[in-house]
Amino acid sequence: MATMRVGLVGCGNIASDICLAIRNGNMPAEVVALADIDASHAELLRREYQLNAFIGTLDELADAVDYIVECAVATVVPAVVAAAVKHHVDCLVMSVGGLLERPELFDLARDNSVNLWVPSGAICGIDGIRAAMQAGLDEVTLTTSKPPKGLKDAPYLIEQGIDLDGLTEPRVVFEGTAREAVRAFPANVNVAASLSLAGLGPDRTRVRIVADPSATVNTHEIRAKGPFGELTAILRNRPSPRNPKSSYMASLSACVEVASAARLFAARTG
Ligand SMILES: NC(=O)c1ccc[n+]([C@@H]2O[C@H](COP(=O)([O-])OP(=O)(O)OC[C@H]3O[C@@H](n4cnc5c(N)ncnc54)[C@H](O)[C@@H]3O)[C@@H](O)[C@H]2O)c1
C-alpha cells in the first residue's frame, strides 16, 4: 500500500497530535517534512516522535510531499496555499480564519485542481450545514459559552470596557455577524470561519458569545433552519491533553482528515 508523504507547516500542539495519531494509528502516512517559523519547535517534534523528516522552507516542504497540513497561524495560509498550488499538492488548512477574508484562495486552488480541505475543528454539525446549504438556509446561529476567564483578553471586551469579574450568572457579551465576531473575539475565529464557509458566509452567519461563570468547558452550539428542517448541534469541548488552551476535538478533526486523505491516496496510487 502506498504511503502518503505528509508535510507539517507549524509544529505545535495540533502537529504533535497528528504525529501521535500517525505513530499509533493504522494509516498509510508518514511525516517527511516540517516547517516552522521557530526551527526549535520543528527540532523538538522531530526528536519527540523520532521522525525521519527534514526541516525546510515552505517551498522545499511542498516539493517533497503528497499532502500538506497547515497547523501554524492564519497569516501563513495564503503562502501555504500558493506553495500547494505551485507543487500541485492537496492541503488541509487548520487556521480556517485565514481563509475567511481570502475567498480567492479557493478559486486559485480550484483553478489548479488542488483540493483545500477545511476540518470541522472544534465544532460539530458542519456536515449537516453543508448538506442543508444545497437547498439554501434561512438562518444559522453559533452560540459560544465560555468561563469568563476564557474571554478575558478579548479585544471587544477591552474596547467596550466590559468587566466580567464577579459575574454570578450567564451574560451575553456579544451578538453580531461571524465577520464581526472574528475581529472582536479572535480566539473564536476558526469555529466561526468553518461554520460560515460551510453555510451562509461571514455576513449572514450570526454569532452570540456568552460568559458563563458556572461553565467549566467551552461550549459551541449551532442552530440552523431552512427548507431541510431544523438543526441543533452542541459540542462541549474538553481541552487537549497536551495543551489546556486548545480543544481536543480540533486535533482529533485534523487527525481524521489526515487518515481519510491517506486512505484515499493509497487507493488512488495502488
Ligand atoms: N479549525 C479549528 O477549529 C482550530 C482549532 C484549534 C486551533 N486551530 C488553529 O490551528 C493552528 C495551530 O494550532 P496549535 O494549537 O497547534 O497552535 P500552536 O501554537 O501549538 O502551534 C503553532 C506552531 O506554528 C508555528 N508558527 C507560527 N507562525 C508560523 C509561520 N508563519 N510559519 C510557520 N510556522 C509558524 C509556531 O512556532 C508553533 O510551533 C492555529 O492557527 C489555531 O488557531 C484551529
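Atom set for the values below is all heavy atoms of this structure, side chains included, hydrogens, waters and symmetry mates excluded. Whatever order the structure lists them in is the order used to number ligands and atoms, beginning at 1.
Taking each of T75, I37, V9 in turn, the one with a heavy atom nearest to atom 26 (N) of ligand 1 proves to be I37. Within the set S120, A35, A72, G10, the minimum heavy-atom distance to atom 22 (C) of ligand 1 is found for A72.
Closest to atom 28 (N) of ligand 1 among all protein heavy atoms lies V73 CG1, 3.3 Å. Taking atom 5 (C) of ligand 1 as the reference point, the nearest protein heavy-atom neighbour is A250 CB, 3.1 Å. Protein heavy atom nearest atom 15 (O) of ligand 1, with residue, atom name and distance: N13 CB, 3.7 Å. Among all non-hydrogen protein atoms, the one lying nearest atom 32 (N) of ligand 1 is V76 CG2, 3.8 Å. Ranking protein heavy atoms by distance to atom 41 (O) of ligand 1, first place goes to S95 OG, 2.6 Å. Nearest protein heavy-atom contact of atom 1 (N) of ligand 1 is M94 O, 3.1 Å. In this structure, the protein non-hydrogen atom closest to atom 13 (O) of ligand 1 is I14 CD1, 3.6 Å. Remark: minimum distance from atom 2 (C) of ligand 1 to any protein heavy atom is reached at N190 CB, 3.5 Å.
The backbone N or O of A53 lies less than 3.5 Å from a partner atom in the side chain of R46, making a donor-acceptor pair. Put simply, the side chain of H88 gets close to the backbone of N112: a donor and an acceptor are under 3.5 Å apart. A donor-acceptor pair is defined here as one N or O able to donate and one able to accept, closer than 3.5 Å; no such pair exists between the side chain of T177 and the backbone of D203. Distance alone, capped at 3.5 Å, is enough to place a donor-acceptor pair between the N190 side chain and the G97 backbone. No donor-acceptor distance shorter than 3.5 angstrom exists from the side chain of T205 to the backbone of P202, with no hydrogens or angles considered.
Judged by distance alone, the side chains of T143 and R208 do bring a donor and an acceptor atom under 3.5 Å apart. For the 3.5 Å distance criterion, the side chains of D59 and T57 fail to qualify, holding no donor opposite an acceptor.
Proximity of atom 19 (O) of ligand 1 to the protein is not indicated, since no non-hydrogen protein atom lies closer than 4.0 angstrom.
Close contacts between ligand 1 and H41 involve ligand atoms 36 (C), 37 (O), 38 (C), 39 (O) [criterion: under 4.0 Å to a heavy atom]. For ligand 1, the atoms sitting less than 4.0 Å from at least one non-hydrogen atom of V96 are 1 (N), numbered in the order shown with element in parentheses. Of all atoms in ligand 1, numbered sequentially from 1 with element shown, those under 4.0 Å from a heavy atom of D36 are 23 (C), 24 (O), 25 (C), 26 (N), 33 (C), 34 (N), 36 (C), 37 (O), 38 (C), 39 (O). The ligand atoms of ligand 1 that sit less than 4.0 angstrom from a heavy atom of A122 are 3 (O). Shown in contact with C11 at under 4.0 Å from a heavy atom are these atoms of ligand 1, numbered in order with element: 23 (C), 39 (O).
Contact check on E48 versus R23 returns no salt bridge, with no Lys/Arg side-chain nitrogen under 4.0 Å from an Asp/Glu carboxylate oxygen. With respect to R223 and E139, no salt bridge is recorded, no charged nitrogen being found less than 4.0 Å from a carboxylate O.
Taking the six-membered ring wherever Trp is involved, the centroid distance between the rings of Y67 and F265 does not fall below 6.0 Å.
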Practice prompt. Give the intermediate values and the outcome of salt bridge (Lys or Arg N to Asp or Glu O under 4.0 Å) for residues R110 and D107.
Written response: CA-CA 5 Å; R110 194 170 36 243; D107 299 332; 2.5 Å; yes
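Using 4.0 Å as the threshold, S194 has no heavy atom nearer than that to any atom of ligand 1. Note on ligand 1: C71 sits in its first shell, one or more heavy atoms being nearer than 4.0 Å. Ligand 1 is never approached by V191 to a heavy-atom distance shorter than 4.0 Å.
Exactly one residue among V89, V6, V80, V9 makes a side chain to side chain contact (heavy atoms under 4.5 Å, CB included) with L61. That residue is V9.
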